[in-house]
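Read through the structure below, which is laid out as structure tokens, and then see the notes.
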Amino acid sequence: MPERLPGKGTGGGKTPTAVGTGGAASTVDQVATQAAIDVLRRGGNAVDAAVAAAAVLGVTEPFSCGIGGGGFMVIRTPKGKVTTIDGREKAPAAMHPKSFFEGDKALSFQDARWSGLSAGVPGTVRMWDEALDRYGTTSLRKALDPAIKVARKGFVVDQTFADQTAPNVDFFDDVPSTAKIYLDPDGTPLDVGSISRNPDMARTYQLIARHGTKAFYKGPIAKAMAKAAQKPPIAANANHRWRPGLMTERDIAAYKVARRAPTRIGYRGLDIWGMAPPSSGGSTVGEALNILEGYRPLGASRTQSLHRFIEASRYAFADRNAYLADPAYYDVPLKGLLSDSFAAERRALITDKAATSPVAPGDPRDDDNVPAPGAVTAGDQGESTTHLTVADKNGMVVSYTFTIESTGGNGIVVPGWGFLLNNELTDFNFDDPKHPNAPDGGKRPRSSMSPTIVTKNGKPFLAAGSPGGSTIITTVLQVLLERLDLGRSLPQAIASPRATQRNTATTLAEPEFLATEAPALRSLHGHTFGTTSEIGSVTGIELLGNGRFLAAAEPVRRGGGSAMVVRPERD
Ligand code: GLU
């Protein structure tokens with residue numbers, strides 16, 4: 001019965017803020033948050049709950065994430081260790097720096113995206129397995145259970161889902177396996193209020209539940225993935241050209257997650273833990289915070305504080321665009337980028353007037369070997385991806401961002417298996433074969449995902465993250481500043497209007513920011529702005545002490561998110 005099915009958005013009791021005890025979860029989706037809370041209530045830990053919620057999101061947020069993609073998880077254990085798992089997609093072995101070139105010209109972003117070529121080997125299934133194996137208390141089999149039910153019974157399509165489908169229709173309808181699940185028979189987006197079921201996805205999850213990760217990385221699913229990438233399964237009357245990809249069954253079988261030390265910086269007595277390369281999240285949020293820590297207070301006024309936020313982002317992005325790539329292929333100067341002395345050099349360039357971008361990268365290696373400023377790439381502009389945050393009563397915290405890159409990934413549902421492939425390889429600087437982040441065989445593309453955990457005297461204090469391509473970095477940074485420096489509560493920090501400066505000529509800002517903050521920034525500090533409707537979609541949790549949690553999600557952006565605690569307090 002439709003009315004008994006979980007509603008994703010549009011009312012249905014979805015709340016963006018919750019306070020209480022026993023554990024907390026925050027995601028973009030009520031069904032997923034509920035799955036996490038159910039796990040916590042039954043005694044599961046934060047990793048168990050995070051994987052259960054992530055698997056549900058693979059069904060209800062299929063254009064943003066899922067087993068066809070990858071991501072990064074930052075975990076704080078009850079004993080106080082902070083660690084990360086890198087489940088980023090990898091390029092097929094046959095990829096090389098000019099794989100996205102035809103003749104001397106690189107493909108456009110659109111041509112690169114809608115192809116088999118953009119699909120990296122997915123990391124999500126191994127990521128879930130590794131997280132559960134090392135830090136969880138439950139099996140992958142149990143963790144997938146709620147998601148299997150949602151895939152089978154379906155969920156109610158909301159406005160956000162329909163809005164995310166609409167711009168993709170012209171490509172989705174080229175691919176029968178995609179159109180079958182995500183379009184109505186007349187080729188339009190599924191109606192708001194209708195039920196979306198995905199029995200193929202349920203079967204895929206079931207196979208993984210029964211046989212473990214090998215069911216995904218070997219055998220029929222792997223075979224179908226490789227085939228879909230190598231020869232996109234398009235209809236005879238498709239009206240676009242879908243270029244063939246390089247991913248083989250061998251690439252898929254060889255995929256491994258990486259365990260990495262988190263990035264860590266100190267900020268005003270707190271420890272900020274983030275994701276190390278190949279993500280540029282931890283290093284760029286960290287560098288900007290190091291720059292800003294030198295201002296005590298951040299600014300004499302809110303406007304001056306925001307001015308410094310924008311300028312610190314600008315310089316940190318100049319460095320990010322030049323120096324960040326997969327550390328297995330490029331010697332990323334991470335230590336230099338996160339050093340206080342480098343931050344001081346960058347801070348010294350900031351004046352009371354907005355700088356003109358592009359500004360040059362700094363010299364974190366101190367070897368006078370400074371590259372030209374890299375650009376924010378086309379793939380950096382994404383608005384896909386999702387972030388979830390879970391904390392349990394024993395002090396375990398999970399901050400997990402995962403993605404299939406663009407909203408709708410590469411547009412190819414693997415025939416018979418119900419999940420979309422990613423287009424993560426467009427996160428490479430695929431038009432610049434000499435760039436540290438150029439494509440290469442087995443390489444992970446640079447990411448901006450910034451799952452973050454903040455601790456205070458070794459105790460968990462805050463966790464948050466966001467989607468939004470490279471705006472993820474400025475979004476996480478801004479939320480931290482709003483909360484830590486500018487006197488806003490976590491829900492207010494999340495709701496605050498946003499701006500993003502990534503070493504681009506103008507600073508992009510949301511309409512409300514343009515109306516409220518931009519006039520003073522223009523007149524007092526000389527900023528120039530461009531407009532963008534929405535930046536990011538944050539979920540986070542603050543640990544209030546005495547076993548109390550404040551879970552928070554977006555009240556409005558992307559239709560609003562869902563925050564819950566195990567035992568809510570009455571107001
Ligand atoms: N692929 C992007 C990254 O890893 C995330 C995509 C998005 O948020 O739009 O940085």
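Below, all heavy atoms of this structure are taken into account, side chains as well, without hydrogens, waters or symmetry copies. Residue numbers count from 1 along this sequence. Start at 1 and go down the list; that is how both ligands and their atoms are numbered.
- Considering both main-chain and side-chain atoms, Glu405 comes within under 3.5 Å of ligand 1 through a nitrogen or oxygen pair.
- Listed by number with element, the atoms of ligand 1 under 4.0 angstrom from any heavy atom of Ile472 are 8 (O).
- Summarising the contacts of atom 2 (C) of ligand 1 with Asp427, Thr403, Thr471, Thr475, the nearest heavy atom is found in Asp427.
- Between the side chains of Tyr400 and Trp128, at least one donor N or O sits under 3.5 Å from an acceptor N or O.
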Between Asp111 and His240, does a side chain to side chain donor-acceptor pair (under 3.5 Å) hold up when you go through it step by step? CA-CA 9 Å; Asp111 286 347; His240 301 95; over 6 Å; no
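- In this structure, the separation between CG on Leu425 and NZ on Lys443 is 11.5 Å, given to the nearest 0.5 Å.
- Every atom of ligand 1 is numbered from 1 in the order shown, and the set under 4.0 Å from a heavy atom of Glu424 is 1 (N), 2 (C), 4 (O).
- Evaluation of the salt bridge (Lys or Arg N to Asp or Glu O under 4.0 Å) rule for Arg126 yields no partner, not counting sequence neighbours.
- No N or O atom of Pro467 sits closer than 3.5 Å to an N or O atom of ligand 1.
- Within ligand 1, counting atoms from 1 as listed, the ones closer than 4.0 Å to a heavy atom of Met449 are 4 (O), 10 (O).
- Remark: Tyr323 engages no residue in a ring pair (Phe, Tyr, Trp, His ring centres under 6.0 Å) (not counting sequence neighbours).
- Residue contacts with ligand 1 for Arg88 involve side-chain atoms from C-beta outward but no N, CA, C or O (heavy atoms, distance under 4.0 Å).
- The closest heavy-atom contact to atom 10 (O) of ligand 1, among the options Ser448, Ser450, Gly468, comes from Ser448.
- Residue Ala343 comes nearest to Asn290 through the heavy atom pair CB-CB, 3.5 Å, listed as atom of the first residue, atom of the second, then distance.
- In Thr407, neither the side chain nor the backbone holds a heavy atom less than 4.0 Å from any atom of ligand 1.
- Within the set Gly469, Ser470, Gly69, the minimum heavy-atom distance to atom 8 (O) of ligand 1 is found for Gly469.
- A side chain to side chain contact (heavy atoms under 4.5 Å, CB included) with Tyr255 is found for one member of Val257, Asp251, Ile252 and no other, namely Val257.
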